[in-house]
Structures are given as structure tokens and as C-alpha cells.
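Along the sequence shown, residues carry numbers from 1. Note that the structure is predicted; figures quoted are calculated from it, not measured.
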Amino acid sequence: MAMALNGSCEIYYESFGDPVDPTLLLVNGLGSQCINYHEDWCAMFVERGLRVVRYDNRDVGLSSKMHEAYTLSDMVADGIAVLDAIDVERAHVMGLSMGGMIVQVMAIEHPDRLLSMTSVMSRTGEPGYGESTREAFALLTAPPAVDRD
């Protein structure tokens, strides 16, 4: 099992493709594991000459569960720790939803580590743009369901 270390936080990651190819780091959204990026989908990028790396954010899947509060910057440092663990100086990064916010902050805080940045289904945080409805926000932040119904 491959793990990167950011302080005391262990970040689980998986890699596909040839390590000599340019790297595409895939960053997940809120609560989703790296398997959200299906292996067949990762293979499409590998076939186009990229090494693909996907990882579980902190508090998700096989990565460390945190007991204290953390910020997007802490989650950015987790992604950078993955790049360090695989010895990649610069990578393409793509994030979905909250992962899109993470890669935006990554581009701001670590521009020297990125070849490109793609933010999908995300927002910048600017008030009035891309905000959830009250109902959607309540669903996203509610405790998880206890059964299928």
C-alpha cells in the first residue's frame, strides 16, 4: 500500500502508467475516495502518454482520519506530499468539486510544482457565484444516511 506523509497525516495513493511520463495528479471532491476516478478512466490518460496518480484526501478512504480542524492549504500540502513521495517535481493537476478548490489553491501556493491546473465542477469562493441552494448545502453537510432508504 503506497502512502505519502504530510507531517503525521498519511495519504494513500495509487499510480498508473510509466513513471517517466508526465504526471497527472487527480484530486477528489468532498468525501469521495480515489476509486471515484475509475481505473478505465485513468487508463485513457495513460494511453495518451501520462502517468496518472489518484489519492484519498485526508479523512477519506485509506488516508488518515483527522481529529482536529484543517484547511484547504493543509489538503494542498497533502497533494504536494504525494508528488514528493513519487519524486515528481512538476505535474498536471485536476480536481473535481472540492478537489477543484484544492487545485486552485495548489496553483496559488505552489505554482512551481504545476504544469497545468484544471478545476472541474467547482468554484472560486467568490460570493454570489456558484453557491449552493440552501437545500443542496443542507444535503451536503447533513449526517450520512443510515440505510438505503
Side-chain angles (χ1 to χ4, degrees), residues 1-133 136-137 139-142 144:
M1 188 160 70
M3 301 296 266
L5 192 61
N6 178 19
S8 63
C9 184
E10 292 184 319
I11 303 298
Y12 172 79
Y13 68 91
E14 298 177 351
S15 179
F16 305 88
D18 192 330
V20 301
D21 289 336
T23 298
L24 170 61
L25 183 69
L26 300 174
V27 185
N28 284 298
L30 181 66
S32 64
Q33 287 183 260
C34 68
I35 58 174
N36 188 51
Y37 294 109
H38 194 274
E39 286 185 31
D40 291 343
W41 197 70
C42 293
M44 289 191 309
F45 288 106
V46 171
E47 289 169 8
R48 288 165 175 77
L50 294 168
R51 174 190 192 186
V52 177
V53 178
R54 63 185 188 179
Y55 68 97
D56 288 343
N57 287 323
R58 57 177 61 205
D59 267 338
V60 177
L62 300 175
S63 290
S64 293
K65 306 305 179 262
M66 307 307 292
H67 303 289
E68 63 275 345
Y70 50 88
T71 66
L72 284 177
S73 291
D74 295 321
M75 298 179 86
V76 164
D78 296 341
I80 297 298
V82 171
L83 293 179
D84 290 343
I86 61 173
D87 200 30
V88 169
E89 188 174 325
R90 298 183 76 205
H92 301 282
V93 296
M94 182 178 77
L96 298 178
S97 192
M98 183 186 71
M101 294 177 187
I102 294 169
V103 299
Q104 289 174 56
V105 176
M106 193 178 286
I108 293 166
E109 294 181 354
H110 300 277
D112 57 317
R113 301 298 301 269
L114 275 57
L115 294 169
S116 67
M117 184 274 299
T118 304
S119 177
V120 181
M121 300 183 312
S122 193
R123 61 181 299 234
T124 63
E126 184 177 352
Y129 295 94
E131 293 176 354
S132 298
T133 64
F137 186 76
L139 284 172
L140 284 170
T141 58

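Between D21 and R48 there is no salt bridge, since no side-chain nitrogen of the basic residue lies less than 4.0 Å from a carboxylate oxygen of the acidic one.
Contact between S97 and S122 at its shortest, heavy atoms only, is O-OG, 2.8 Å. The two residues R54 and C42 have their closest heavy-atom pair at CD-SG, 4.2 Å. Pairing each heavy atom of A91 with each of L83, the nearest pair is CB-CD2, 3.8 Å. Closest approach of A81 to N6, counting heavy atoms only: CB-CB, 3.9 Å. Of all heavy-atom pairs spanning I102 and L72, the tightest one is CG1-CD2, 3.7 Å. Closest non-hydrogen pair, I11 versus R58, comes out as CD1-N, 4.0 Å.
Atom CZ of F16 and atom OG1 of T23 lie 13.0 Å apart (nearest 0.5 Å). The structure places CG of D59 at 7.0 Å from NZ of K65, a figure rounded to the nearest 0.5 Å. One distance of note links CG of N57 with CD of Q33; it measures 10.5 Å at 0.5 Å rounding. In this structure, the separation between CD on E10 and CG on D56 is 12.5 Å, given to the nearest 0.5 Å. For the atom pair R51 CZ and I86 CD1, the distance stands at 4.0 Å (nearest 0.5 Å). Here the CG-CG distance, from L30 to L96, works out to 12.5 Å after rounding to the nearest 0.5 Å.
At a threshold of 4.5 Å between non-hydrogen side-chain atoms, the residues T118 and V103 do not count as touching. The closest side-chain heavy-atom distance from L62 to M1 is below 4.5 Å.
Donor-acceptor pairing under 3.5 Å is recorded for the side chains of Q104 and S119. Between the side chains of Y55 and D78, not a single donor N or O lies within less than 3.5 Å of an accepting N or O. Looking only at atom types and distance, the side chain of Y37 has no donor-acceptor partner in the side chain of E39 under 3.5 Å away. The closest side-chain donor-acceptor pair between S73 and E109 falls under 3.5 angstrom.
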When you look at C34 and N28, which way does the side chain to side chain contact (heavy atoms under 4.5 Å, CB included) test go after all the steps? CA-CA 7 Å; C34 68; N28 284 298; 3.9 Å; yes
Stepwise side chain to side chain contact (heavy atoms under 4.5 Å, CB included) check, V53 with E14: CA-CA 6 Å; V53 178; E14 298 177 351; over 6 Å; no
Please walk me through it: do M75 and M98 pass side chain to side chain contact (heavy atoms under 4.5 Å, CB included)? CA-CA 10 Å; M75 298 179 86; M98 183 186 71; 3.5 Å; yes
So M94 and L25, side chain to side chain contact (heavy atoms under 4.5 Å, CB included) or not? Walk me through it. CA-CA 6 Å; M94 182 178 77; L25 183 69; over 6 Å; no
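Residue-environment remark: OH (Y70) exceeds the threshold of 12 foreign heavy atoms within 6.0 Å. Annotation for D87: atom CG does not count as buried by contact number, only 12 or fewer foreign heavy atoms lying within 6.0 Å.
Side-chain N or O atoms of T141 include one that pairs as donor or acceptor with a backbone N or O of F137 at under 3.5 Å. Side chain of H38 to main chain of D40: a donor-acceptor pair is present (N/O by atom type, distance under 3.5 Å, no hydrogens or angles).
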